[in-house]
Amino acid sequence: MTLASSALPLHASFGSFPHPLPPHRGLRAGLPRPHAAASLAVALERWQENATRSDDPAVQSLLQAAVADGSPYLPYLAALFGNSPYLTLCALKDPAYLCEVLAQGPDAAWQDLQTNVRNTLFGEKDIARLMKGLRVGKRRLALLSGLADISHAWSLEQVTGALSTYAALALDLAATHLLRDGADGGHIVLPHPDQPCKDSGFVVLGMGKLGAGELNYSSDIDIICLYDYDKITYVGRKSVSEFFVRLTKTLVRIMDERTADGYVFRTDLRLRPDPGSTAVCISTVAAEAYYESFGQNWERAAMIKVRALAGDLERGDEFVRHLRPFVWRKSLDFYAIQDIHSIKRQINAHKGCGVVAVAGHNIKLGRGGIREIEFFAQTQQLIWGGREPGTRTSRTLEALQALVEHSHVKPQVAAELTVAYRFLRTLEHRLQMIDDAQTQTLPADPDRLLHLAAFMGFEDLDSFDQAVRSTLCLVESHYADLFEEAPDLSSDVGNLVFTGAEDDPDTLKTLGEMGFSNVTGIAATVRGWHHGRYRALRSTRAKELLTELLPSLLKALGKTSQPDQAFMHFDDFLGQLPAGVQIFSVFHANPGLLDLVAVIMGDAPRLAHILARRSNTLDAVMAPGFFDTPLGRDDLATELDQLVAQSAAYEETLDLCRLWANSHKFQIGVQTLQQLLTARQAGEALTAVADVVLSRLLTATSAEFARTHGEIPGGGFCVIAMGKMGGREMTATSDLDLITVYEVSGDAEQSDGRRPLSRADYYIRLTQRFINGITALTREGSLYEVDMRLRPSGSKGPLAVSLTSFIKYNNDDAWTWEHLALTRARVVCGDPLLQGRIEAAVQEVLCRPRDPDKLLVDVANMRALMARERKPASLFDVKLTRGGLVDIEFLVQYLILRHGTQHPAIARANVADALLALREAGLLTADQLGVLDQAHCLWLELQGIIRHMVEGAFDPAQASDGLRHRLAQAAGLASFEQLQQHMEQTYGAVYAVFGALIETPADAARLRPDSTTA
């Protein structure tokens, strides 16, 4: 291998010493023993090959002498080659440079490296050569700092300082190149072309370990890029923002794109203000506004380490000074201190040793790790730094000492944490040196853990394990003592840390144990909450309250049947809130309400959507009587009448009716969810609400309609409910099957208003207005969907029919299926006299004599056709599965039509009432009634749960454990498997009754020669 391709010159001239000089006295003894003998042998062999291939005799001689027996360099090469594949690769790529470091010592080599990089690359205009030069420099730094570290020539501060300094140098050279390129391209005018960064208005801030000069060996670098409108002379065709966004993206590419020469530093921009919704480079004005308005305490902690590193350093320093009041507050109220405490309290720390096994432990983010030492210092700095400037240092160990000097930390505690910090950071470096991996997680594999132990200088795995464990326990114990009086936010669940830009592994584990699946998505969303992306979370107090609520909230959401869905719905709820402080305070004061909201979010998507759209619905939940038995029709009518009486216009009446009805539907839904109501009770309650609101809407609509068209003298108008509403069995998702009927007793042919209409047109137009009043989407939402296809002649018939036409159609033209539907007809509002005549007409149709064989065959054929054309989606399609609701309803309706002549009392619109009446009339045996009634109850309960808890089609295979348990619980069974077995048996029992009363007699009827069906 030749060195001709190197982008940076070597400092030493090797021609003057053909044999290695003794290692520089700055390199000390105590090198780690080589762990991998095979790797060492291969590396030495490749080193010899490189020496043979070199075109420079002096270099060739040097490399050969370095690995000769007795060479003073050989122990250093063995320590690298036998422990670090990454450093081995760097050494084999640049062997002469490694020899130079050994000869010069790391201090001189480091000074030369900085000088060479800056002098060679400052004026570089070719981006490829710039990228190559920076990567070669980083590789050389990796060699010299790694060698200085393992030989104990440099302290921890020197190693991290050199890495941080090189990162700042690389950023500055990249910014210099890009600004000069922008000027050459005619986009910007530089005040100082020979010094492109000076007064350029482009700022690169270093955050975290980079800002504090504490970079670890394979660290990424956290930066924030800003531009100042007032300092920039932009002459390009696009916007200033677009130019600097593009420049920043290129800067990141220069730093972290992997090429044949490697990379410089992985670069992270996620510590900028609200990274989920801002560009990668923002204006200084926008950044200052964010921190002053929405900045969080963890961002204040991050800003302790901020430093202007590259670009316009003067403007960067000015920005940092401007943020001092944000970071260092002279006075803090109780809630601000509590929120600072929460940075620590979100970590589940133990006074004893609660540390997990060493293998697989994250020494940065895990218990007793580096982060806990950093938080130990930073949280106290935030509290005291506003009044005590001496505590404001950015470096962790200096901060601990400053806190000791100001009597906020005991000297022994600081001393022990300092030793622990040095040990853990050194361990972090050794771990990362092995493969240049950006990791702080100790290997789980015993062989790899033993390798790391040897690289750290330990003789065996036991002594290494003991040293690591005792260090982690010590840190965790001191951390647990911090702010001891503050209530814990995580002790009973685990870590819940949502600060910073990266996911806390223990927090992700905690979320998984709580029941969530999309743990990374949930963590990212919670961080977005703290950034104040929602209107309700923009105040400091709201965010402080949310921090306190999070453990309880996440626990409650995790207990629901569908935790991820519950979280998503709660996020939607937060996004719609106009403000957060009041409702978060209510949750604090009433934990039971938070649990209820969680259940709604996870188990009742429909109710969750209502809450998201109408957060004031929670006011009703807190009102007295919300969990009492729902009001009856009379009390509901009185309540709505009092509300509507306040209305000044028809549109306001529509809104008030929606507000009232939706509030009661929400109440019934919650009570059903809480199992305070059975499905039949809920159906009755929901129907009562619909009856009352339709009655008041009809009155209001008729009056509004009459203002334009007047009235028809002697006219009457009624609304008939069919289906679920007619049978008083409404569910959470029921639409309304309606028919409107009118009658005019006099000879009036048109209305008496200023815009008169004929009889038929009048009532058709009134029906249209009435239906629109039900279905229109106003600011308070809609009431119900309406279906009028059950009217005479279906969709081909007029919207409103006269009583005469209604009677004639049902007597002469209606099909059997229409008479079956008519068994559920019920007049719900309108003219009382007309109502009586309609009820009499319906009763007459239902109770008239029929050909029993034709009726049997018609019903059997209709059900068979439905079974062929509408297949059940699963066992839980309790409507269509044979033996389900349709079979029970067909059976009841058939018996009413078949026996209504002899037993008119059986004509009941409600299925449960009809079943009892049929038994009293002797048309069902006690066993048949038991089968049908119990099945009807079960199917309604299951249908109600599924419609409350599942959006879209229900797939039993995908059902959560919580939902399965709730369904089983509804049937009084212990398991979902038992429920499925019970359902199959119940379907079979119902279908047997259906077969005995309909299918078998229908088959016999078809065979009779005198039958009209033959």
Side-chain angles (χ1 to χ4, degrees), residues 155-157 160-161 164 206-214 291 295-308 317 320-347 349 351 368-425 471 474-488 499-500 540 544 547:
S155 66
L156 172 67
E157 287 85 348
T160 59
S164 303
M207 303 291 290
K209 289 182 170 60
L210 172 61
E214 297 174 334
Y291 289 118
Q296 304 166 65
N297 278 316
W298 75 262
E299 288 176 305
R300 291 177 57 210
M303 281 293 169
I304 291 175
K305 297 180 179 291
V306 68
R307 178 165 56 106
D317 291 339
V320 172
R321 286 194 298 273
H322 182 85
L323 287 185
R324 282 179 184 168
F326 162 69
V327 180
W328 308 113
R329 298 181 184 175
K330 292 188 179 299
S331 61
L332 295 168
D333 61 25
F334 170 80
Y335 296 112
I337 292 176
Q338 284 294 98
D339 196 53
I340 292 169
H341 287 194
S342 75
I343 297 174
K344 173 263 174 185
R345 293 157 57 216
Q346 292 167 7
I347 297 175
K351 286 188 177 181
I370 297 166
R371 179 184 57 181
E372 292 187 8
I373 302 174
E374 293 172 338
F375 279 6
F376 184 98
Q378 290 169 354
T379 49
Q380 294 177 92
Q381 284 180 287
L382 289 179
I383 292 174
W384 302 109
R387 286 162 288 175
E388 298 173 355
T391 63
R392 295 179 184 178
T393 180
S394 63
R395 293 175 182 264
T396 302
L397 297 185
E398 291 177 2
L400 287 173
Q401 188 56 42
L403 290 166
V404 168
E405 292 171 359
H406 287 79
S407 302
H408 300 307
V409 173
K410 295 177 181 178
Q412 182 181 351
V413 172
E416 290 175 348
L417 288 177
T418 297
V419 171
Y421 182 79
R422 291 183 184 280
F423 176 80
L424 292 174
R425 289 301 306 272
T471 300
L474 178 72
V475 172
E476 186 177 33
S477 179
H478 286 314
Y479 189 74
D481 287 336
L482 186 63
F483 309 135
E484 186 175 3
E485 74 283 359
D488 203 311
T499 54
T540 299
E544 291 168 351
T547 299

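The first residue in the sequence is number 1, and the count goes up from there.
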Would you say [X]'s side chain and [Y]'s backbone share a donor-acceptor pair under 3.5 angstrom?
X	Y	answer
R307	L210	yes
R392	G385	yes
K305	M207	no

If you look at every heavy atom in [X] and [Y], which pair is closest and at what distance?
X	Y	value
F326	M303	CE2-CG, 4.3 Å
G390	A402	O-CB, 3.4 Å
R387	P389	O-CD, 3.5 Å
S394	A212	O-CB, 3.6 Å

Find the distance between [atom1] ([X]) and [atom2] ([Y]) and round it off to the nearest 0.5 Å.
X	Y	atom1	atom2	value
E374	T379	CD	OG1	11.5 Å
E372	L424	CD	CG	10.0 Å
R395	L400	CZ	CG	13.5 Å

Side-chain polar contacts of residues 415-423 - donor-acceptor pairs under 3.5 angstrom, sequence neighbours left out - could you list them?
unit_1: E416; atom_1: OE1; unit_2: H478; atom_2: NE2; d: 2.6
unit_1: E416; atom_1: OE2; unit_2: Q412; atom_2: NE2; d: 3.0
unit_1: T418; atom_1: OG1; unit_2: A414; atom_2: O; d: 2.7
unit_1: Y421; atom_1: OH; unit_2: R425; atom_2: NH1; d: 2.8
unit_1: R422; atom_1: NH1; unit_2: E157; atom_2: OE1; d: 2.9
unit_1: R422; atom_1: NH1; unit_2: E157; atom_2: OE2; d: 3.1
unit_1: R422; atom_1: NH2; unit_2: E157; atom_2: OE2; d: 2.8

Q) Who pairs with E388 by side-chain hydrogen bond (donor to acceptor under 3.5 Å, both in side chains), at least two apart in sequence or on another chain? A)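 Scan of E388 (side-chain hydrogen bond (donor to acceptor under 3.5 Å, both in side chains), adjacent residues dropped) gives H408.
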I want to check something: taking the side chain as every heavy atom from C-beta on, are [X] and [Y] in contact at a cut-off of under 4.5 Å?
X	Y	answer
F376	V475	no
L382	I304	yes
E214	L156	no
I373	T396	yes
R321	R324	yes

Q: Run the numbers on W328 and R300 for side-chain contact (heavy atoms from CB on, under 4.5 Å), then give the verdict.
A: CA-CA 8 Å; W328 308 113; R300 291 177 57 210; 5.7 Å; no
Q: Check the pair I383, Q380 against side-chain contact (heavy atoms from CB on, under 4.5 Å), reporting the backbone distance first and the verdict last.
A: CA-CA 5 Å; I383 292 174; Q380 294 177 92; 5.7 Å; no
